[in-house]
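Data first, discussion second: the structure below is written as structure tokens.
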Amino acid sequence: MLVNDSIAIDAGAIGFYSSPSEQEKIRHVLLTHSHIDHLASLPIFIENVFTGRPDPVIVYGSTPVLESLQSDIFNNRIWPDFIELSKFPVSRFLDIKTHEPNQTITIDGLDITAVNINHVVPTVAYIFNDGKSAIGYISDTAETEEIWDRLNKQSNLKAVFLEVTFPNSHQWLADVSKHLTPKTFAQELKKLKRDVPIFAVHLKGRYRDLVTQEVNDLKLPNVHITKFLKDYTF
Ligand SMILES: [Zn+2]
Ligand SMILES: [Zn+2]
């Protein structure tokens, strides 16, 4: 998911998307958590956009996410240690910056707040706010509270992206892996007191059609399945 072209939320697919010169427009990567579907193409992406310039791509995450990046990905077994190599001027692959829950950072005029949500590893949602419009992005999570309190207080809220991963028949799997089904997705949405469009994300590929059908069957107004490669403007 790209925000204003230059900011990526996670890196599941960005290294496989379009061309290296297109990928180069992405200057910031915000990681929600350490699961592989959110990191899979990060090493490829960083390699694709490496030009030797002194201001490389910046990767943001909470302390446990950045620790996982170092020990599980850039560990010289899965991939070269780009973090260590980036200490040398000739190999500035990336910068890493800590962005802890409840902290707001500003990138290109956009205030970005990380908020803890309820997943099997430390995971954050993000609130993006350019002053005119605010957007909530919530994936991956089971039932959660704080992000809804925050979004309810956000007077300029324009949209919320919310995960719905498994079909209702897989409620047990959703519960143990801390995800939502259409049933629990609908329960979460009751916590939102603002009338804004909702965009469903993170549908498991194997079940995309079934989850789409079950979301549509909820007959909730203003709920949409997020489309791939489509621009949304708020
Ligand atoms: Zn996950
Ligand atoms: Zn995921």
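By convention here, the first residue in the shown sequence is residue 1. Counting starts at 1 for both ligands and their atoms, following the listed order.
Taking 4.5 Å as the limit, every side-chain heavy atom of Ile107 sits out of range of all side-chain heavy atoms of Ile58.
If you count the protein N, O or S atoms nearer to the Zn ion (ligand 2) than 2.8 Å, you get 4.
Ser21 is linked by a side-chain hydrogen bond (donor to acceptor under 3.5 Å, both in side chains) to Ser19, counting only residues two or more places apart in sequence or in another chain.
Note: Phe234 and Tyr232 have parallel aromatic rings, judged against thresholds of 30 and 60 degrees for the angle between ring planes.
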Asp209 and Gln213: CA distance, side-chain angles, deciding distance, side chain to side chain donor-acceptor pair (under 3.5 Å) verdict
CA-CA 6 Å; Asp209 291 347; Gln213 183 61 50; over 6 Å; no
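Taking CG of Asp5 as the start and CD1 of Ile26 as the end, the distance is 8.5 Å to the nearest 0.5 Å.
Formation of a donor-acceptor pair under 3.5 Å by the Asn4 side chain with backbone atoms of Ser6 is not found in this model.
Minimum-distance N/O/S atom of His119 relative to the Zn ion (ligand 1): NE2.
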